[in-house]
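Read the structure below first, then the notes.
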Amino acid sequence: ARGDDLARLRDRVIVLIDPGLSEILKIKTSRGFKHLITARLLCPMRLLAQFDKDPEAFCRGVRNGTIPIISCDWPSFLYDETLAVPGKVKPGFLRSQLLLQAGAFKIVFTGPQSVDVDFKEASKTTGKPSLAKKYGMQSSLREQICYVASLASWAIKDGHFKGPEFVRSILRVFEGHRGWGDRTLAWFDEWVLSNEPTAISN
């Protein structure tokens, strides 16, 4: 159930973002473009240079509507910034620490304990099989990645979020770039289902 997955992810993602700010960011109205840390994560990758130049002004612009952000303006937290190339969609896309290595995808599918021992101690579901084990997950699916990306976006936003449009926009990238899509799924499989991930080209 989506509600269960979001509950599993919401506060843990905030801890992963910055443990020192977890109490502040547990208040949903303090997230989104009302806090610089979540704002930078939600800032569209194409606008990140503008954000970094003056974060406070950028956040004000988003809040008052002078800087519009649409569903296909994918947030920076979906990217590995070390691989991203200005003006190009695919380099670094869906390779971020927050989405996978640091935990969002693994929290949902392989369980909080696969990310951090503290999550295991605090989890009410300790002892229950992860979704990956329960359903015999052998490989990652593009729909799963899009689903977790939308959950993570919702978890750090402070207001309205057009989830279906966001998911469709990512699926179109998979459909339009099959080679990239296959490599991305293989990369997820290495991180989710293997203890020793190998380098897979972007």
Side-chain angles (χ1 to χ4, degrees), residues 2-105 107-108 143 145-177:
R2 180 182 178 278
D4 292 338
D5 291 337
L6 182 58
R8 185 182 300 119
L9 186 62
R10 184 171 48 229
D11 291 339
R12 293 182 176 111
V13 163
I14 295 304
V15 173
L16 291 168
I17 290 170
D18 190 325
L21 292 173
S22 59
E23 290 303 317
I24 296 173
L25 295 180
K26 279 182 180 179
I27 303 171
K28 191 169 181 62
T29 54
S30 297
R31 302 177 193 174
F33 285 93
K34 295 176 183 176
H35 195 288
L36 294 183
I37 288 181
T38 51
R40 193 179 192 281
L41 292 169
L42 291 169
C43 177
M45 195 65 194
R46 68 180 183 85
L47 299 176
L48 197 56
Q50 181 181 346
F51 176 94
D52 288 339
K53 185 176 181 180
D54 191 339
E56 295 282 1
F58 188 94
C59 290
R60 285 195 301 272
V62 172
R63 293 197 302 266
N64 64 29
T66 59
I67 299 179
I69 295 176
I70 60 177
S71 299
C72 61
D73 277 332
W74 298 308
S76 67
F77 83 82
L78 293 182
Y79 283 82
D80 180 339
E81 290 185 41
T82 67
L83 300 175
V85 177
K88 294 188 177 181
V89 171
K90 295 181 291 180
F93 187 45
L94 301 180
R95 301 291 187 97
S96 71
Q97 289 282 332
L98 179 61
L99 185 60
L100 184 55
Q101 294 114 304
F105 194 88
I107 285 172
V108 173
E143 290 82 5
I145 296 171
C146 294
Y147 174 62
V148 173
S150 70
L151 288 180
S153 292
W154 183 265
I156 57 180
K157 280 182 176 289
D158 63 339
H160 188 58
F161 173 56
K162 296 181 179 179
E165 293 179 17
F166 178 79
V167 168
R168 285 194 294 270
S169 72
I170 298 176
L171 283 174
R172 284 195 291 269
V173 182
F174 276 100
E175 293 166 357
H177 304 277

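Just so it is clear, the structure is predicted and the values come from calculations on it, not from any experiment.
A search for salt bridge (charged side-chain N to carboxylate O under 4.0 Å, His left out) contacts involving Glu56 returns nothing, not counting sequence neighbours. For Val62, the side-chain contact (heavy atoms from CB on, under 4.5 Å) partners two or more places apart in sequence, or in a different chain, are Phe33, Phe58, Ile67, Ile69. For Lys53, the side-chain contact (heavy atoms from CB on, under 4.5 Å) criterion is met by no residue, not counting sequence neighbours. By the salt bridge (charged side-chain N to carboxylate O under 4.0 Å, His left out) test, Asp52 is found to be paired with Arg40, residues two or more places apart in sequence or in another chain being considered. For the salt bridge (charged side-chain N to carboxylate O under 4.0 Å, His left out) test, residues two or more places apart in sequence or in another chain that qualify with Arg46 are Asp73. When the side-chain hydrogen bond (donor to acceptor under 3.5 Å, both in side chains) test is applied to Glu165, the partners found at least two apart in sequence or on another chain are Ser71.
Between the OG1 atom of Thr82 and the CZ atom of Arg95 there is a distance of 10.5 Å, given to the nearest 0.5 Å. The CZ atom of Phe166 sits 10.5 Å away from atom SG of Cys72, with the distance rounded to the nearest 0.5 Å. Arg63 CZ to Lys34 NZ: the interatomic distance, rounded to the nearest 0.5 Å, is 8.0 Å.
Side-chain atoms of Tyr79 do not come within 3.5 Å of backbone N or O of Pro91 as any donor-acceptor pair. Ser76 places a side-chain N or O within donor-acceptor distance of the main-chain N or O of Leu41, the cut-off being under 3.5 Å.
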Stepwise side-chain contact (heavy atoms from CB on, under 4.5 Å) check, Tyr147 with Val167 = CA-CA 7 Å; Tyr147 174 62; Val167 168; over 6 Å; no
Under the side-chain contact (heavy atoms from CB on, under 4.5 Å) criterion, do Glu81 and Leu48 qualify, and how do the steps go?
-> CA-CA 10 Å; Glu81 290 185 41; Leu48 197 56; 3.6 Å; yes
Show your working on side-chain contact (heavy atoms from CB on, under 4.5 Å) between Cys59 and Phe51 and close with a plain yes or no.
-> CA-CA 8 Å; Cys59 290; Phe51 176 94; 3.9 Å; yes
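A pairwise comparison of heavy atoms in Leu42 and Pro75 identifies O-CB, 3.5 Å as the closest pair. Between Asn64 and Gly61, the shortest heavy-atom distance links the atoms OD1-O, 2.9 Å.
Within the 4.5 Å cutoff, the side chain of Val173 has no heavy atoms near those of the Leu94 side chain.
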